[in-house]
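One structure is given below, encoded as structure tokens.
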Amino acid sequence: MATRARFVHNSRRRRGDEESSSDDEQQQVESSSSDDNEEEEEEEEGPGQVVADEEEEPAAVESPSPAAGRNGRKGPITISLKKVCKVCKKTGHEAGFKGAVYIDCPMKPCFLCKMPGHTTLTCPHRVAMEHGVIPAPRRNTNTSLDYVFQSQVKGKIPMVKPQFLVPNQLECGNIKFHQRRVTCLEFHPTKNNVLLSGDKKGLLGIWDYVKLHEKITYDSVHSCILNSMKVDAANDGVLYTASSDGTISCTDLDTGLGSPLLNLNPDGWNGPNTWRMIYGMDLNTEKSLLLVADSFGFIYLLDRRSKTRVGQPILIHKKGSKVTGLHCNPAQPDILLSSGNDHYARIWDTRKLEPNSSLASLAHGRVVNSGYFSPRSGNKILTTCQDNRIRVWDYIFGNLESPSREIVHSHDFNRHLTPFKAEWDPKDYSESVAVIGRYISENYNGAALHPIDFIDTSSGKLLAEVMDPDITTISPVNKLHPQDDILATGSSRSIFIWKPKTGVDHTEERTSQKVKEYVYGSGSQKKANGKHDNSSDDDSDGGCDGKKKKAKKTRFTHTAKGKEKGKSKV
DNA sequence: AGATTATGCTTCC
DNA sequence: TGGAAGCCCTAATC
């Protein structure tokens, strides 16, 4: 009943079709042949309402009526004309939420696996707790290199898997800590309980998630998206950050004062054709080298100590295409993995870096959001691609022509989200567990939630899905703690900390309480280099600031309302 | 409450 | 080949 009110676009649509009655007929045929029985029955119930609707546009009612008798059905045909699928613009079905369940457009390929013939709801890859795995042949080269590397690696991987604890319980949250959506997260490697975060505006956040109130944001480090962070291995008070403003900054974490290590746009803004952005960055700790890649396909090497460039920029991905990420092999830091918008991930030896000199080129179906070597042995590769597949290569010195596995997973990101990246659990000695946020929602007790998935990359099995009824937004940014069983999540402008569930389950009250406590909390949010303090930061960010000016309680009320709204869907 | 907007890759001509 | 349209589960704002 109520759903009818939603079909707002029909009048525009009908006006467009007015001229061609044959077009109308086609649509009727389609709609009547559709097997959506529920819909049709519903339609029969409420002709009065329909008539009332159409009185506004009498001309439109007239034209389809001669054809109405043709299929032996009464009146409803006019109604089905009103229902236009927002995805394919055809009639007879509708895409969109029905309660907490999203109904796909049947005319389009599956939104999850991208194959035609079924929708997400019936996708074979959407089996509960087990995602689809596309097997690839396991090849072994049996070269001497193979042998040497295997023997090196074997000693490093213990046979007994340590107990795996999923941090699935929301511990605390820092609601709207950032001014825009969170784009990257990093645990401080030595100061335990400190989480570093970056956002789309270039804001750098530092938060002690145990003391809770110890938090600070620096807004002068970058002027736009903070894409990557790395704490200096030799000086843990120094943070390197890479940004879409085209700079690498070297920031003192205590003062927020930074100096640029690299500026790829020294002449300022001269249009998008010349503006260079930096997404990929990593540190070769052995050589004290900072590796940086821009949005035109080039890599730059920087000497961390002398703060100077080493050599010339080298093209490592298709000219003009963005390099989305860089990662140095943890076991052999000279071996580098790059991922790019040119649909490739590539392995390089940074000691002899030249164009077209990659050791391997890993083909993907679409843009590669990220690529990581496994955290201990470094002999596996995990990539996230916008074709909704996580790919795993089990052995980098084997045959890399095709991945060892492709795991179908929903992370086909909407342009307004931070790209999803599957990341290894650094604590998992077996190098199989990975974490990644999920794009499409699932119906959890009547609420459409977007969980954070723990995936066993060796089998494709979904080990755990982490979610909380209070978090209704998508969580594309996730980071696992290097030592503790803690997960940090960036979701919209907020960040959250998760821990394994222990003892008695008070989840519902406790998490809400924690989150609420913190939003209420009187923690002073300093801004070291800021022009204003948090309560008067008005520039450029428009609307949200009006609310900020109000008392904190107002903010909380606002948040709580949002939550209630989410729950009321039940 | 509904319209609007930020925003980036893909596709189409 | 390049530029413009268009896009399925956003999130926040007025």
Side-chain angles (χ1 to χ4, degrees), chain A residues 2 5-9 12 84-90 93-114 116 119-121 123 126 175-176 178-183 199-201 224-225 227 244 271-273 275 277 279 295 318-322 324 340-343 364-369 385-388 410-420 437-444 447-451 467 471-477 490-494 538 540-548 555 558-559 561-563 565-566 569:
Chain A
R6 278 195 230 132
F7 312 127
V8 187
H9 304 294
R12 196 179 300 150
V84 175
C85 172
K86 66 175 179 185
V87 176
C88 71
K89 311 284 186 279
K90 290 194 174 139
H93 65 270
E94 255 192 302
F97 276 105
K98 280 217 156 66
V101 179
Y102 190 93
I103 308 296
D104 272 5
C105 170
M107 309 301 283
K108 293 272 182 167
C110 172
F111 193 55
L112 175 54
C113 75
K114 309 300 174 194
T119 63
T120 307
L121 278 179
C123 179
R126 197 183 185 167
I175 307 289
K176 297 191 179 177
H178 278 275
Q179 296 192 2
R180 294 293 181 87
R181 58 168 212 243
V182 173
T183 52
D199 76 11
K200 203 176 145 300
K201 237 186 159 184
C224 61
I225 317 177
N227 292 310
S244 290
N273 294 334
W275 186 260
M277 301 181 273
Y279 283 81
S295 52
K318 187 181 170 185
K319 198 168 187 182
S321 76
K322 187 206 290 177
T324 55
N341 264 24
D342 61 355
H343 302 191
H364 289 69
R366 284 236 245 145
V367 166
V368 188
N369 288 349
C385 178
Q386 285 183 31
D387 64 0
N388 264 1
S410 172
H411 50 259
D412 176 21
F413 81 109
N414 178 300
R415 63 187 170 290
H416 313 294
L417 301 173
T418 305
F420 292 85
R438 198 192 301 173
Y439 180 27
I440 54 172
S441 61
E442 196 71 59
N443 179 3
Y444 297 101
L449 302 178
H450 307 267
M467 86 291 279
I471 303 174
T472 54
T473 47
I474 293 172
S475 304
V477 190
S491 192
S492 188
R493 290 164 54 191
S494 306
D538 293 327
S540 72
D541 205 12
C544 64
D545 304 299
K547 284 200 176 100
K548 272 187 195 164
R555 269 177 73 202
H558 180 73
T559 310
K561 253 189 202 169
K563 284 171 191 167
K565 206 177 179 183
K569 282 180 190 169

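Naming: A, B, ... by sequence-line order, numbering from 1 per chain. Values in this document were obtained by computation on a predicted structure and should not be read as measured data.
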Whole-Å [atom1] distance, [N] and [M]:
{"N": "C/dA5", "M": "B/dT5", "atom1": "P", "value": "16 Å"}
{"N": "B/dT7", "M": "C/dT13", "atom1": "P", "value": "15 Å"}
{"N": "C/dC9", "M": "B/dT11", "atom1": "C1'", "value": "22 Å"}

| If every non-hydrogen atom of A/Thr418 is compared with every non-hydrogen atom of A/Arg181, which pair is closest and at what distance? |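 Closest heavy-atom pair between A/Thr418 and A/Arg181: OG1-NE, 3.0 Å.
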
| request: Using side-chain contact (heavy atoms from CB on, under 4.5 Å) as the criterion, list what pairs up with A/Cys224, not counting sequence neighbours. | output: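 If we apply the side-chain contact (heavy atoms from CB on, under 4.5 Å) test to A/Cys224, skipping adjacent residues, the hits are A/Ser243, A/Ser244, A/Asp245.
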
| query | How would you list, by chain and number, every residue that makes a side-chain contact (heavy atoms from CB on, under 4.5 Å) with A/Pro419, sequence neighbours excluded? | reply |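 Counting only residues at least two positions away or on another chain, A/Pro419 forms a side-chain contact (heavy atoms from CB on, under 4.5 Å) with A/Asn369, A/Phe413.
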
What is the distance, rounded to the nearest whole Å, between atom [atom1] of [X] and atom [atom2] of [N]?
{"X": "A/Arg493", "N": "C/dT10", "atom1": "CZ", "atom2": "P", "answer": "18 Å"}
{"X": "A/Lys90", "N": "C/dC8", "atom1": "NZ", "atom2": "P", "answer": "13 Å"}
{"X": "A/Lys86", "N": "C/dT10", "atom1": "NZ", "atom2": "C1'", "answer": "11 Å"}
{"X": "A/Arg438", "N": "C/dT10", "atom1": "CZ", "atom2": "C1'", "answer": "17 Å"}
{"X": "A/Lys114", "N": "C/dC9", "atom1": "NZ", "atom2": "C1'", "answer": "11 Å"}
{"X": "A/His411", "N": "C/dC9", "atom1": "NE2", "atom2": "C1'", "answer": "16 Å"}
{"X": "A/Lys108", "N": "C/dG6", "atom1": "NZ", "atom2": "P", "answer": "12 Å"}
{"X": "A/Asn273", "N": "C/dG3", "atom1": "CG", "atom2": "C1'", "answer": "12 Å"}

For a quick check of understanding: with a heavy-atom distance under 4.0 Å over all strands, which category does [X] fall into, base, sugar-phosphate or nothing?
{"X": "A/Thr473", "value": "sugar-phosphate"}
{"X": "A/Ile440", "value": "base"}
{"X": "A/Pro109", "value": "base"}

| side-chain hydrogen bond (donor to acceptor under 3.5 Å, both in side chains) with A/Thr473: which residues, sequence neighbours excluded? |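 Result, side-chain hydrogen bond (donor to acceptor under 3.5 Å, both in side chains) vs A/Thr473: A/Ser491.
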
| request: Quick one: sort the A/Phe420 and A/His411 rings into parallel, tilted or perpendicular, breaks at 30° and 60°. | output: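 Judged by the thresholds at 30° and 60°, the geometry between A/Phe420 and A/His411 is tilted.
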
| query | OP1 or OP2 of C/dC9 less than 4.0 angstrom from a side-chain nitrogen or oxygen of A/Asn414, does that happen here? | reply |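 Result: yes.
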
| task | Select one nucleotide: of C/dT13, C/dT10, C/dC7, the one nearest the side-chain heavy atoms of A/Lys89. | result |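 In terms of side-chain proximity for A/Lys89, the closest of C/dT13, C/dT10, C/dC7 is C/dC7.
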
| Who are the salt bridge (Lys or Arg N to Asp or Glu O under 4.0 Å) partners of A/Lys86, not counting sequence neighbours? |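 None.
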
| said: I'd like to check the salt bridge (Lys or Arg N to Asp or Glu O under 4.0 Å) partners of A/Arg366; sequence neighbours left out, ordered by chain and number. | reply: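 Counting only residues at least two positions away or on another chain, A/Arg366 forms a salt bridge (Lys or Arg N to Asp or Glu O under 4.0 Å) with A/Asp412.
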
| Reading nucleotides 7-13 of chain B 5' to 3', which nucleotides get B (base under 4.0 Å from a protein heavy atom), which S (sugar-phosphate only), which -? | BBSS---

